[in-house]
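Below: one structure, written as structure tokens.
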Amino acid sequence: MNIGFDLGANAPSAVFALHTAVAVVFLYLAGLNAANGETIGLALYLAMAGMIAAVGVLAARIVSRR
């Protein structure tokens with residue numbers, strides 16, 4: 001899958017990795033909400049994780065062009 005930049009030891013990869021790490025934290029929180037049966041919390045945390053990961057891809061593409 002072409003995401004607009006090459007993964008490796010460079011600044012765009014670091015930006016993407018940072019956003020992915022934060023998104024994983026929100027996925028963990030979503031899992032906790034799912035285990036407790038809280039569907040609204042699950043939906044909110046899943047949405048936040050998805051948006052943070054998407055912003056990571058976009059920010060990495062912007063950084064790679066500079």
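In terms of hydrophobic clustering, with Ile, Leu, Val, Met, Phe, Trp and Tyr side chains grouped at heavy-atom distances under 4.5 Å, I52 and V15 are assigned to different clusters.
F26 approaches A49 most closely through the heavy-atom pair CB-CB, 3.9 Å.
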For residues 27-44, please give each side-chain donor-acceptor pair under 3.5 Å, one per line with the distance, not counting sequence neighbours.
unit_1	atom_1	unit_2	atom_2	d
N33	ND2	L29	O	3.1
N36	ND2	L32	O	3.3

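One distance of note links CE of M51 with CG of L58; it measures 13.0 Å at 0.5 Å rounding.
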